[in-house]
Number of protein chains: 2
Amino acid sequence: MDIAFTDRELDVMAVLWEHGPATVAEVRERLADPLAYTTVLTVLRTLEEKGYVGHEAEGKAYRYYPRVARDAAGESALRRLTRKLFRGSPELLLTQLVSDRGLTREELERMRRLLDERLGTAEER
Amino acid sequence: MDIAFTDRELDVMAVLWEHGPATVAEVRERLADPLAYTTVLTVLRTLEEKGYVGHEAEGKAYRYYPRVARDAAGESALRRLTRKLFRGSPELLLTQLVSDRGLTREELERMRRLLDERLGTAEER
DNA sequence: CATCATCTACTATAACTCTAGTAGGAGGCG
DNA sequence: CGCCTCCTACTAGAGTTATAGTAGATGATG
């Protein structure tokens, strides 16, 4: 299953993932860009139409909640990126990722540790 | 600088990165989806307008070549992904990447080796 | 030379994205 | 009760994306 958001939809999803279910007003407050109330509402309605969020009534307002996990969205995006930009090779992606000049030694070490753990528990296949 | 492609533009860029400069007909042949000749031409013209490809005459046709490296596009995309979906944390991204059940032990080992090398040559900061 | 295939340039259009306005309901307050 | 505020529903319009058709040039071929 393919999960894909437009830029603005992703901004809104990020708020829901980060802070949990929220009303239109709450989402609006947390967005970096100043958008009209109705604009945020429209984005949420679009997301709902696509099945990415749901809502339940709370007083006279709605509280929206994500219907897809951030993990699932991340995985889908990573897969698409790997396929389209890194010839399907996760290693190539990693190469690019760690070539980033901005990474600290600590980050790199934590990343290696991550791989160690993963290798430790991985089944042979 | 921010490099961003639409889905279809990315398909076309992928062909140019993979196989080098190509004519409209050549790009068209290599695309997975069957598109009209003029459709491919339009995409290439759009890419050119955006500065992502250039062309030079070859016989009566044009040969298009990428003006941005795949690396640069990959880095830009990875940065955007990290920021928007992984709270700015490359480790989180890696976690997601290696949680993919489809990775073989060999791939994981090569990835660890990659990090080892990177750590070996990394400057302290 | 006349015709055919191929190529670019220009035009078109439906769908989607982004943003926001207007209308109307519903609750709270003086 | 009448008004103000906040909320959703519906509508709207500019811009972008995706796809492709038509027109006209140009080189190849019989």
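Worth saying up front: this structure is predicted, and the values here are computed from it rather than measured.
- The side chain of B:Lys50 contributes an N or O atom lying less than 4.0 Å from OP1 or OP2 of D:dT17.
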**OP:** Step by step, work out the side chain to side chain contact (heavy atoms under 4.5 Å, CB included) result for B:Met13 and B:Val68.
**Re:** CA-CA 9 Å; B:Met13 290 303 293; B:Val68 293; 3.9 Å; yes
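- Considering only side-chain atoms of B:Ala36, the nucleotide from C:dA9, D:dA20, C:dT19 that sits closest is D:dA20.
- A close approach under 4.0 Å does not occur between any side-chain nitrogen or oxygen of B:Thr6 and OP1 or OP2 of D:dT16.
- At the phosphate of D:dC6, neither OP1 nor OP2 sits under 4.0 Å from any side-chain N or O atom of A:Tyr62.
- The pair A:Glu9-A:Lys50 meets the salt-bridge criterion, with a side-chain N (NZ, NE, NH1 or NH2) lying under 4.0 Å from an Asp/Glu carboxylate O.
- Summarising the geometry, the separation between CD on A:Glu9 and C1' on C:dT17 is reported as 8 Å, rounded to the nearest angstrom.
- The listed nucleotides are C:dC18, D:dT8, C:dG21; the one nearest the side chain of A:Asp7 is C:dC18.
- Residues B:Leu103 and A:Leu119 fall within the same hydrophobic cluster, defined by Ile, Leu, Val, Met, Phe, Trp and Tyr side chains chained together at heavy-atom separations under 4.5 Å.
- Contact check, B:Arg45 against C:dT8: no side-chain N or O comes under 4.0 Å of OP1 or OP2.
- Distance A:Leu10 CG to C:dT17 P: 13 Å, rounded to the nearest Å.
- In this structure, A:Leu44 places its CG atom 14 Å from C1' of C:dT19, rounding to the nearest Å.
- For B:Ala61, the side-chain atoms get nearest to C:dT8 when compared with the rest of D:dA9, C:dT8, D:dA18.
- Within the 4.5 Å cutoff, the side chain of B:Leu35 has no heavy atoms near those of the B:Val43 side chain.
- Distances shorter than 4.0 Å separate none of the side-chain N or O atoms of B:Thr39 from OP1 or OP2 on D:dT19.
- Judged by distance alone, with hydrogens and angles left aside, A:Thr42 brings a side-chain donor or acceptor within reach of the base of C:dA20, the pair sitting under 3.5 Å.
- Following rounding to the nearest Å, A:Glu48 (CD) and D:dT8 (C1') show an atom-to-atom distance of 12 Å.
- D:dA25 atom P lies 17 Å from atom CG of B:Leu41, rounded to whole Å.
- Between A:Phe5 and A:Trp17, the angle of the ring planes goes over 60°, which puts this pair in the perpendicular group of the 30/60° scheme.
- Taking 3.5 Å as the limit, the base of D:dC6 and the side chain of A:Lys60 contain a donor-acceptor pair of atoms between them.
- Of the side-chain N and O atoms in B:Tyr37, one or more sit less than 4.0 angstrom from OP1 or OP2 of C:dT8.
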